[in-house]
Amino acid sequence: MRAPVCAVLLVYLLNDAAAHQFTEQEMSTVRERIKSMFYHAYNSYLDNAFPYDELRPLTCDGQDTWGSFSLTLIDALDTLLVLGNHTEFQRVASILQDTVDFDIDVNASVFETNIRVVGGLLSAHLLAGRAGMELEPGWPCSGPLLRMAAEAARRLIPAFQTPTGMPYGTVNLLHGVSPTETPVTCTAGVGTFILEFATLSRLTGDPTFEDVARRALTALWKTRSDIGLVGNHIDVLSKKWVAQDAGIGAGVDSYFEYLVKGAILLQDEELLNMFHAYDAAIQNYTRFDDWYLWVQMHKGTVSMPIFQSLEAFWPGLQSLLGNLDSAVRTFQNYYSVWRQFGGLPEFYSIPQGYTVDKREGYPLRPELIESAMYLFRATGDHTYLQLGLDALESIEKVSRTPCGYASVKDLRDHQLDNRMESFFLAETIKYLYLLFDPTHFLHGGGMEGDGSWEEGGEGGQCVLGAGGFIFNTEAHPLDPAALYCCSRHSKERQELRDALLSLSHPKKKAGSQSKPADERTEEPPQSQSESIALKPGEKKTLPTLSCPVQPFSARLSVLGQVFSDNS
């Protein structure tokens with residue numbers, strides 16, 4: 001179904017881009033250019049737009065878009081650390097603690113607030129040690145940025161209070177869900193919470209966040225069609241599908257992403273099994289010649305033969321599962337579109353080989369660069385570095401303004417739009433930089449003893465940063481070892497309480513004389529002591545407390561091997 005122009009471009013791509021091998025010096029030079037891009041955009045935001053959410057780069061001013069959080073500053077915070085700027089990270093983290101207030105009468109997107117605000121604050125909290133910030137005792141299980149993330153997430157919880165457990169799309173941060181709020185939301189708006197909310201629960205010990213995210217995932221899973229697909233928009237009250245187009249793009253994309261990444265982060269086989277079931281249906285009904293079309297969710301018939309720019313995350317996701325052959329072929333299709341326009345249009349007609357009317361824009365999205373980063377890590381093929389350089393050159397040539405970088409309104413003539421979304425600094429720049437820095441600590445770079453690992457938890461008894469990092473859908477890295485550390489501490493405290501309680505109320509030995517009723521000590525409740533109490537005549541020692549110094553050792557997605565043995 002591919003248009004001839006794409007085939008020609010693909011041949012050109014394979015003969016051209018794969019030829020050049022980047023030296024370390026060239027990669028270092030590109031990294032410096034990327035840093036320069038970041039600071040041009042970042043300083044423009046600080047000088048012209050702060051404390052508004054976003055910069056308007058054509059008029060050099062700011063606007064609130066997603067809730068009046070100084071959103072670009074939150075979204076860009078961990079990028080500062082990725083680029084090595086510890087001083088500015090510390091300064092901004094302090095500013096956010098002093099200025100951001102979630103107790104405001106604002107209608108906010110539940111989805112966007114979660115991935116950008118909650119995700120950004122969680123990531124900054126987990127990276128605070130590397131930035132040289134003063135840490136609370138017990139970090140990463142406590143800290144001011146963690147408390148901010150938890151407060152933001154609590155403001156979203158009322159949206160999940162529906163008969164199905166699937167959340168509304170919008171919530172008022174002060175008053176909860178409006179009585180007039182529409183119950184229709186997109187699939188991604190239901191299924192894109194497990195990373196942030198499970199991280200919150202396991203760091204803080206409050207199960208509420210993970211519970212509501214899992215309930216929403218379970219409810220959504222039960223609404224899939226007989227052929228195993230989900231649609232685009234659903235009524236969260238009635239569970240009726242309002243938009244029945246099934247695909248991997250806008251409105252659905254991060255749902256599939258979070259099933260895979262949630263499985264890795266949480267070592268949760270159930271989430272992975274859900275994704276594999278969906279993937280079987282996706283490959284069967286939506287894949288054509290290494291493109292992914294939109295089909296009717298119940299019948300599998302093609303409804304929209306288009307490629308959306310948001311779908312470009314898919315090759316990177318496939319690489320996490322070891323599906324490299326398919327990922328590479330699909331990436332080359334998407335890269336051919338980039339080479340045609342110097343960016344990815346929001347919609348691209350596959351049969352016609354051209355943009356779709358009123359969907360010709362490119363808001364500087366990161367998804368193709370994200371996939372390039374993953375595939376370069378997996379293959380070492382410098383074709384993906386060439387894409388990164390192409391992207392850098394395109395953005396610099398087309399989008400740079402005196403006040404930052406502007407979204408492209410129309411890729412056909414490179415008209416600009418007066419907006420720089422926060423994800424440009426959170427994702428596009430970050431993935432570009434990490435693409436050209438294969439030894440960065442977020443990739444697991446460095447050797448033991450050089451500071452790439454950290455101590456954390458109570459008494460510094462946990463090893464952090466040793467199990468890789470999982471990026472949320474806004475490119476905010478989360479450390480699985482931190483979740484393990486804090487949940488282990490919580491479990492050990494409970495075991496210690498149980499052990500001490502048992503020692504305080506020992507059972508009588510068999511054959512011993514009972515005390516009179518008025519002298520007997522009240523037994524502890526069964527639920528607190530039954531598991532470790534000795535029964536009459538039984539010889540059993542108390543269970544050994546779990547060792548808190550064991551390093552996190554999960555193997556992350558090597559050719560599909562996601563799970564370690566649970567010993």
Side-chain angles (χ1 to χ4, degrees), residues 53-54 64-71 74-75 100-123 148-201 206 208-221 223 230-239 242-243 250-259 261-262 310 421-423 426 472-474 476 478:
D53 280 341
E54 291 180 0
D64 282 335
T65 52
W66 295 112
S68 191
F69 307 124
S70 300
L71 184 61
I74 294 175
D75 238 359
V100 175
D101 182 10
F102 299 113
D103 191 28
I104 51 177
D105 187 6
V106 167
N107 294 322
S109 164
V110 180
F111 170 85
E112 299 290 354
T113 304
N114 177 57
I115 67 171
R116 303 196 198 204
V117 178
V118 178
L121 292 170
L122 280 174
S123 176
M148 286 182 68
E151 176 61 21
R154 285 191 193 96
R155 302 286 174 164
L156 306 181
I157 293 296
F160 291 81
Q161 295 169 356
T162 64
T164 65
M166 293 188 283
Y168 286 96
T170 302
V171 66
N172 185 283
L173 299 182
L174 190 61
H175 303 296
V177 177
S178 168
T180 61
E181 177 64 28
T182 175
V184 176
T185 190
C186 66
T187 304
V190 174
T192 308
F193 295 92
I194 191 63
L195 291 186
E196 298 84 4
F197 277 30
T199 296
L200 271 176
S201 284
D206 183 350
T208 302
F209 304 109
E210 185 170 350
D211 287 349
V212 298
R214 286 189 179 276
R215 186 179 177 218
L217 281 177
T218 300
L220 191 55
W221 168 252
T223 64
V230 288
N232 195 270
H233 281 74
I234 192 169
D235 186 312
V236 300
L237 300 182
S238 67
K239 296 190 289 187
V242 177
V252 186
D253 49 356
S254 53
Y255 171 45
F256 297 137
E257 178 186 1
Y258 271 40
L259 291 178
K261 291 182 176 179
L310 285 170
E421 290 227 37
S422 67
F423 60 64
N472 87 335
T473 198
E474 190 77 3
H476 295 305
L478 303 173

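We count residues from 1, following the sequence as given.
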Hey, does the side chain of Asn172 reach the backbone of Val177 with a donor-acceptor pair shorter than 3.5 angstrom?
no
So which heavy atom on Ala152 is nearest to which on Val117, and how close?
CB-CG1, 4.2 Å
Is any side-chain heavy atom of Val171 closer than 4.5 Å to a side-chain heavy atom of Asn107?
no
Closest heavy-atom pair and its distance - Leu156, Val118:
CD1-CG2, 4.5 Å
Should Leu200 and Asp206 count as side-chain neighbours, where that means a heavy-atom distance under 4.5 Å?
no
Is the shortest heavy-atom distance from the side chain of Glu421 to the side chain of Trp66 under 4.5 Å?
yes
Would you say the ring centers of Phe69 and Phe102 fall short of 6.0 Å from each other?
yes
Between Arg214 and Phe197, is any pair of side-chain heavy atoms under 4.5 Å apart?
no
In short, Val230 meets Leu220 closest at the heavy-atom pair CG1-O, 4.5 Å
Quick one: does Asp103's side chain get under 4.5 Å of Arg155's, heavy atoms only?
yes
How far apart are the C-alpha atoms of His175 and Asp105, what are their side-chain angles, what is the distance that settles it, and do they pass the side chain to side chain contact (heavy atoms under 4.5 Å, CB included) test?
CA-CA 7 Å; His175 303 296; Asp105 187 6; 3.5 Å; yes
Any donor-acceptor N or O pair under 3.5 Å, side chains Thr192, Ser254:
yes
Closest non-hydrogen contact found for Ala188 with Asp253 is CB-OD1, 4.1 Å
Nearest heavy atoms of Gly120 and His476, plus distance in Å
N-CD2, 3.3 Å
State which residue, out of Tyr255, Phe160, Phe111, Phe209, fulfils the ring pair (Phe, Tyr, Trp, His ring centres under 6.0 Å) condition with Phe193.
Phe160
Minimum heavy-atom separation for Val252 and Gly231, please, with both atom names.
CG2-O, 3.7 Å
Could you check whether any side-chain heavy atom of Tyr168 comes within less than 4.5 Å of a side-chain heavy atom of Thr182, counting everything from C-beta outward?
no
